[in-house]
Student: 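Following this message is one structure expressed as structure tokens.
Both ligands and their constituent atoms are indexed starting at 1 by order of listing. Please read all numbers here as calculations on a predicted model, not as lab measurements.
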Amino acid sequence: MGTAIDSIVLREIRMPLVHPFETSFGRTTQRRIILVEVRADGLSGWGEVTCGEHPFYNEEWTDSAWLILRDYRRTASIRGHNMARGGLEAAIRDLEARRNGVPLWKQIGGGARREIPCGVSIGIQDSVDELLRAIDTELAAGYQRIKIKIKPGWDVKVINEVRKRFPHIRLMADANSAYTLADADHLRQLDDFYLMMIEQPLGHDDIVDHAELQAKLATPICLDESIRSAHHAEQAIRLGACHIINLKLGRVGGFAEARRIHDVALKAGVPVWCGGMLESGIGRAHNIALSTLPGFVLPGDVSASRRYWARDIVTPPVEVTAGGSIVVRDEPGFGYEIDYEYLASITVRQEAVGR
Ligand code: OSB
Ligand code: MG
């Protein structure tokens with residue numbers, strides 16, 4: 001990245017979620033998010049580190065990302081820690097876009113669509129009734145696809161109930177690595193519910209077992225955690241480990257690698273969609289830009305700010321149309337204004353880390 005940077009400012013913000021979010025690996029009630037501001041020539045570019053508060057989705061967490069970004073300047077030499085590196089990379093891309101006076105989507109070579117189709121990811125609930133109510137709410141808001149989180153004990157029976165109540169909706173399930181190949185027969189029961197896909201059923205770093213499972217399932221497998229690079233995407237597609245890829249900026253280390261994965265998938269005829277990591281408005285805006293690349297043909301997990309935050313750090317907040325899409329903005333950079341006053345009020349630490 002040849003952009004000359006004057007300084008980098010790290011901030012950690014705390015944002016309480018409107019509703020707790022539960023996956024097979026745990027429950028989140030408050031986010032601890034690192035924002036990266038890169039400054040040059042009187043302009044600022046902004047990035048968001050998308051890791052969780054604990055190393056449960058992948059190996060990174062808020063504090064590891066802070067140390068990586070504070071202590072290592074040459075991110076190309078770092079192995080792993082893609083989300084920390086990706087937060088910085090996204091900030092540089094945003095800065096480049098602002099310097100060129102173009103929207104971020106144009107800077108990264110996107111622009112295939114003016115509206116992003118949106119789905120929602122619904123966490124594990126305390127009861128099936130609550131889940132059905134949550135689905136009702138999201139469908140009424142216009143969302144085009146429902147993803148529900150599953151884990152052993154909250155899977156086949158629950159999806160059966162959802163399908164009885166909503167026979168025609170676009171439905172999928174995300175296991176976040178909660179199963180093993182020994183569960184293949186159990187997972188095969190999901191074939192009865194004509195799901196769009198099952199996301200990351202097996203090991204977070206596995207490709208080979210997913211290929212074996214896919215051979216036993218009619219339901220397409222979508223990989224999330226396992227795809228950290230274009231090389232992984234090539235291997236997974238070659239082995240038949242997935243028919244769909246959930247692409248997340250942070251997980252793959254930024255726009256450059258995301259683009260490479262997108263291109264591999266597009267060439268192979270494998271659809272991609274943009275995943276989410278409970279981002280603030282800044283990360284959300286980057287996801288919107290990414291979703292304008294041509295291969296993003298399925299509704300993503302990028303949804304309205306109000307599903308997560310009572311108040312977002314960007315204005316206007318990210319909003320979804322009655323038809324369940326986000327209209328892409330044309331302002332330079334990531335396209336939204338930062339609410340500096342609110343940002344300052346939720347910042348718990350800030351450090352300039354030079355260059
Ligand atoms: O696996 O896609 C995932 C949230 C946190 C960690 C992992 C995942 C998720 C989601 C939520 O599914 C996506 C979102 O609404 O931002
Ligand atoms: Mg997932």
Side-chain angles (χ1 to χ4, degrees), residues 15 17-33 48-62 65 82-83 86 116 118-125 131 134-135 137-138 141 143-151 154 171-179 195-206 210 220-228 236 242 244-252 272-288 290-291 298-309 312 318 320 324 326:
M15 292 179 83
L17 287 164
V18 173
H19 306 290
F21 189 81
E22 188 173 330
T23 68
S24 63
F25 60 76
R27 176 181 268 241
T28 308
T29 53
Q30 179 179 240
R31 298 290 339 272
R32 294 177 58 206
I33 296 172
E48 175 167 339
V49 178
T50 63
C51 62
E53 290 67 38
H54 302 283
F56 299 158
Y57 166 81
N58 65 4
E59 80 286 359
E60 299 182 79
W61 74 101
T62 313
N82 287 359
M83 289 170 164
I116 303 306
C118 303
V120 290
S121 175
I122 301 180
I124 292 164
Q125 306 291 308
L131 176 61
I135 294 173
T137 303
E138 305 298 4
Y143 288 103
Q144 302 183 30
R145 180 225 69 193
I146 301 291
K147 161 169 139 183
I148 65 173
K149 292 290 191 179
I150 58 169
K151 65 175 183 182
W154 181 267
L171 182 66
M172 60 174 289
D174 184 0
N176 289 106
S177 299
Y179 300 92
L195 302 177
M196 291 177 80
M197 67 195 92
I198 176 170
E199 184 175 337
Q200 197 71 35
L202 309 181
H204 71 95
D205 54 357
D206 169 80
H210 279 102
I221 290 176
C222 169
L223 289 179
D224 172 355
E225 283 91 328
S226 296
I227 307 296
R228 291 160 171 249
C242 65
I244 300 168
I245 292 175
N246 168 341
L247 199 28
K248 290 180 181 170
L249 268 181
R251 192 192 71 222
V252 308
V272 304
W273 53 276
C274 185
M277 291 296 295
L278 312 175
E279 288 93 344
S280 82
I282 292 176
R284 216 160 278 282
H286 287 105
N287 289 340
I288 294 166
L290 180 67
S291 304
L298 295 173
D301 278 347
V302 184
S303 58
S305 298
R306 69 158 61 91
R307 294 190 62 248
Y308 308 82
W309 320 117
D312 203 345
V318 175
V320 166
I326 294 170

Student: What distance do Ile116 atom CD1 and Trp273 atom CH2 have between them, rounded to the nearest 0.5 Å?
Tutor: 14.5 Å

Student: Give, for atom CD1 of Ile124 and atom CZ of Phe25, the distance between the pair rounded to the nearest 0.5 Å.
Tutor: 9.5 Å

Student: Using 4.0 Å as the upper bound for N to carboxylate O, is an ion pair formed by Arg284 and Glu48?
Tutor: no

Student: Checking a contact table here: which protein heavy atom is nearest atom 4 (C) of ligand 1, and how many Å away?
Tutor: Phe21 CE2, 3.6 Å

Student: Has ligand 1 got any nitrogen or oxygen that is less than 3.5 angstrom from a nitrogen or oxygen of Arg284?
Tutor: no

Student: Among all protein heavy atoms, pick out the one at the shortest distance from atom 13 (C) of ligand 1; state its residue, atom name and that distance to 0.1 Å.
Tutor: Gly276 O, 3.3 Å

Student: Considering Tyr57, Tyr308, Phe25, Phe56, which one's heavy-atom position lies nearest to atom 14 (C) of ligand 1?
Tutor: Tyr308

Student: Heavy-atom distances under 4.0 Å decide this one: backbone, side chain, both or neither, for Val120 against ligand 1?
Tutor: neither

Student: How far does CG of Leu195 sit from CG of Leu171, to the nearest 0.5 angstrom?
Tutor: 5.5 Å

Student: Mind listing the protein N/O/S atoms less than 2.8 Å away from the Mg ion (ligand 2)? Waters don't count.
Tutor: Asp174 OD2, Glu199 OE2, Asp224 OD2

Student: Check contact between Arg307 and ligand 1, using heavy atoms of the residue and a distance below 4.0 angstrom.
Tutor: no

Student: Applying the salt bridge (Lys or Arg N to Asp or Glu O under 4.0 Å) criterion to Asp174, which one of Lys151, Lys149, Arg145 satisfies it?
Tutor: Lys149

Student: Which option out of Ser303, Ser121, Ser177 puts a heavy atom nearest to atom 10 (C) of ligand 1?
Tutor: Ser121

Student: Is the backbone N or O of Glu225 less than 3.5 Å from a side-chain atom of Gln200, with the two atoms forming a donor-acceptor pair by type?
Tutor: yes

Student: When you measure from the heavy atoms of Glu199 to every atom of ligand 1, does any distance fall below 4.0 Å?
Tutor: yes

Student: Would you check whether Asp224 reaches within less than 4.0 Å of ligand 1, judged by its heavy atoms?
Tutor: yes

Student: What part of Lys248, side chain, backbone, both or neither, has a heavy atom within less than 4.0 angstrom of ligand 1?
Tutor: side chain

Student: Could you give the distance from SG (Cys51) to CH2 (Trp61), rounded to the nearest 0.5 Å?
Tutor: 9.5 Å

Student: Working to the nearest 0.5 Å, report the span between OG of Ser226 and CG of Leu202.
Tutor: 8.5 Å

Student: Give the numbers and elements of all ligand 1 atoms closer than 4.0 Å to a heavy atom of Lys149.
Tutor: 1 (O), 2 (O), 3 (C), 8 (C), 9 (C), 10 (C), 12 (O)

Student: From Phe21 CZ over to Thr29 OG1, what is the distance, rounded to the nearest 0.5 angstrom?
Tutor: 13.0 Å

Student: Check this for me, if you would: do Glu53 and Arg27 make a salt bridge, where the nitrogen-to-carboxylate-oxygen distance has to be below 4.0 angstrom?
Tutor: no

Student: From atom 1 (O) of ligand 1, work out which of Leu278, Val302, Asn176 has a heavy atom at the shortest distance.
Tutor: Asn176

Student: List the atom of Ala236, the atom of Leu223, and the distance in Å for their closest heavy-atom pair.
Tutor: CB-CD1, 3.9 Å

Student: State, to 0.1 Å, how close Cys118 and Val302 come at their nearest heavy-atom pair, and which atoms those are.
Tutor: SG-O, 3.4 Å

